[in-house]
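Have a look at the structure below before the remarks.
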Amino acid sequence: MILWLTLGMALRAMVRNKLRSFLTVLGVVIGVGAVICMVHLGESAKKSVTDQIASLGQNLLMVRSGAGRGPGGARVASKAFTVEDAEAIQAQVDGIVVAPTASANTVAVNGNTNWPTNAQGVTDEFFTVRDWPVTAGRRFEQAELRGGALVCIIGATVHKELFAGEEAIGARIRLGRLSCDVIGVLASKQSMMGSDPDDTILLPLRTVQRRLAGKDDVQMIYVSATDGGTARVQAEIERLLRERRRIKDGRDDDFSVRDMREIADRVTGTTDVMTTLLGSIAAVSLLVGGIGIMNIMLVSVTERTREIGIRMAIGARGREVLLQFLLESALLSTLGGLLGIGVGLGGSYLACDKLDLPFVVVPGIVGVAFLFSAAVGILFGFMPALKASRLDPIDALRHE
Amino acid sequence: MTDPVPVMELLDAWKIYGAGEATVNALAGVDLRIFAGEFVAIMGSSGSGKSTCMNLLGALDRPSKGRYRFRGVDVGDFDRDERALLRRHHLGFVFQSFNLLARTSAVDNVELPLLYQRVPRRERRQRALEMLDLVGLAERADHTPAQLSGGQQQRVAIARALVTRPAVLLADEPTGNLDSARTHEVMGLLADLNRRQGITIALVTHEPDVAGFARRALWFTDGRVARDGTPAEVLG
Ligand SMILES: Nc1ncnc2c1ncn2[C@@H]1O[C@H](COP(=O)(O)OP(=O)(O)OP(=O)(O)O)[C@@H](O)[C@H]1O
Ligand SMILES: [Mg+2]
């Protein structure tokens, strides 16, 4: 009960000096606000990156030739993969789906509209591995894939540019010297670090190899680990490919198997470091805010010496005076913390809006900031409160 | 005497300030007994130790030497917290400078001691209002000290001192800041409380008029009780 009463007294003291109370806690408001803002921006940035990477496909590995970097950082040219490599991977590694692709730059023409884009030759596994459904029309039939038919599925961007979003199925477009029938439209995917995945046209792999690229190369083999674990799959593919490409022990790979999750981890790791760095700078301002509270509480104890004397004469013990001043500073800083949380969340929401990031709330850090601000008040209020509690009642009563 | 145990009893009480050459014997062996229901005026020239004696009686301070018994219990060795509890439950104070909490209503001021006694809110308010009524300020309950005259403020202070129903009311120059009309207002109230409610009162004053309201007077000289008797005898 005495706690409630003291809390009431503390509240009254605070309300009595509204402007001063506000200025006192401004440091804490800014400190907490900055911490909250930094952490939330960091988390939002991280979320945006992981979302993008997840949208590539689940448990995705990307196999490419020419991974090594020669002198000067130039990519070392190496033997390209073929469909046989992809088939070997599919046959010899368990629990995976393999999708070899070939690509070629081209210009798509519909009537008198031109659109330069990228043509990708794919197999049926592509849609599974990249987790990329067709929203209109259909996928390629086995016969079309085998025979290298002149049919295509267009990405959302191409659909917009060539057909202004109107019905495209059944239309015939030209790709360079070829003309193909549009049989489907791909679902729209989230943009990936600035590049637009929807700006593409899918054709049967064989069609691209024979008619557009003019060679049997496979530029990229996508592998999806169906049981979730990518590490084993990655190791097995690497071993198999070294064998197939006759790379001697001790020599570097001339290809790369990249785990998208690993890339995601690396990116989010960087974000974490930034968040920690900025967060600790913000924490310093919280410290400064705490010192501000201590300063004002010391002034307040001196100003209210007479009041303390009266309370002691009436029968307040040192601990009750201590509690009163401690609660006052804890209350101040907690309110500052709440204000700061509001400011921080509002600020990061606006910033996310501006930067086009997904806004995420991290309840943990909000809770920690709240507790921390209360702790700041108790910590920095302790010294002034102790000073108040140790006053001699006679001296305090005589104080002018 | 009907009650053989005094409410307050100082036995050869000394208060020595400073150290070495510069020591001051603010009290130099005071023997003093105050019984329940008494109304005692403490007088003497400036610096004679009246306030020091009041601080001892009020358990705001402890004697350097000698004994202080409160209702027969030796409280001279009480520590800070024990003295605070003694004040909380058995003593009421009135000061020369009123010492009300600023920007706090009269009734809230009067409630303050009950707060430390952990009296429930409703009872607190009721008893505070009763006390204000007793000192004739019922309709000023919501006024802050700044909105009250000096005499009214001192009456609020008396209400605050008495709201816990203490054994003794101690007042150090309660009329020191009041004009003669307000002095009579306050002293009339105290005399009335003593007579009707049997409240024990010890007050320090310089004014013979004020001492005239008391039934007993003590004259301090150089930290000792020099004379003890009725106000007329002591002043005579
Ligand atoms: N804290 C202190 N330190 C040193 N000396 C003190 C202290 N308090 C009181 N004294 C001295 O003790 C003596 C008695 O002081 P006290 O305040 O009791 O006098 P008083 O009778 O109340 O005087 P007045 O009528 O002026 O109020 C004085 O000489 C004073 O200087
Ligand atoms: Mg005095």
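In what follows, chains are A, B, ... by sequence order, proteins preceding strands, each numbered from 1. Fair warning: this is a prediction, and the values are worked out from it, not measured in the lab.
Contact annotation for T104(B): only side-chain heavy atoms (C-beta onward) come within less than 4.5 Å of a heavy atom of chain A. Residue L91(B): no heavy atom, backbone or side chain, is found under 4.5 Å from chain A. For chain A, the nearby part of R80(B) is the side chain; its heavy atoms alone come within less than 4.5 Å.
How far CZ of R398(A) is from OG of S97(B): 11.0 Å, rounded to the nearest 0.5 Å. Taken from CG in L397(A) to CZ in F93(B), the straight-line distance is 8.5 Å, to the nearest 0.5 Å. Note: N109(B) CG to I310(A) CD1 = 7.5 Å, rounded to the nearest 0.5 Å. Distance check, rounded to the nearest 0.5 Å: CG of L101(B) to CZ of R306(A) gives 11.0 Å.
Nearest heavy-atom pair across A84(B) and R317(A) is CB-CG, 3.6 Å. Minimum heavy-atom separation, R88(B) to A316(A): NH2-CA, 4.1 Å.
Under a cut-off of 6.0 angstrom, the local environment of CZ in F359(A) is crowded, with over 12 non-hydrogen atoms contributed by other residues, nucleotides or ligands. Counting non-hydrogen atoms of neighbouring residues, nucleotides and ligands closer than 6.0 angstrom, the CZ atom of F78(B) exceeds 12 such neighbours. Within 6.0 Å of CZ on F39(B) lie more than 12 heavy atoms contributed by other residues, nucleotides or ligands. Counting non-hydrogen atoms of other residues, nucleotides and ligands closer than 6.0 Å to CG of D81(B) gives a total above 12. Within 6.0 Å of CZ on R390(A) lie no more than 12 heavy atoms contributed by other residues, nucleotides or ligands.
Options N99(B), L60(B), L112(B) differ in how many heavy-atom pairs under 4.5 Å they form with chain A, and the most are formed by N99(B). The choice from R160(B), H89(B), E82(B), R83(B) that makes the most heavy-atom pairs within less than 4.5 Å of chain A is R160(B). When each of R311(A), E307(A), M312(A), R319(A) is scored by its heavy-atom pairs under 4.5 Å with chain B, the top score falls to R311(A).
Taking 4.5 Å as the limit, every side-chain heavy atom of R87(B) sits out of range of all side-chain heavy atoms of I314(A).
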- Evaluate the criterion salt bridge (charged side-chain N to carboxylate O under 4.0 Å, His left out) for residue pair E320(A) and R118(B); output intermediate values, then yes/no. CA-CA 12 Å; E320(A) 280 136 356; R118(B) 288 128 164 92; 3.3 Å; yes
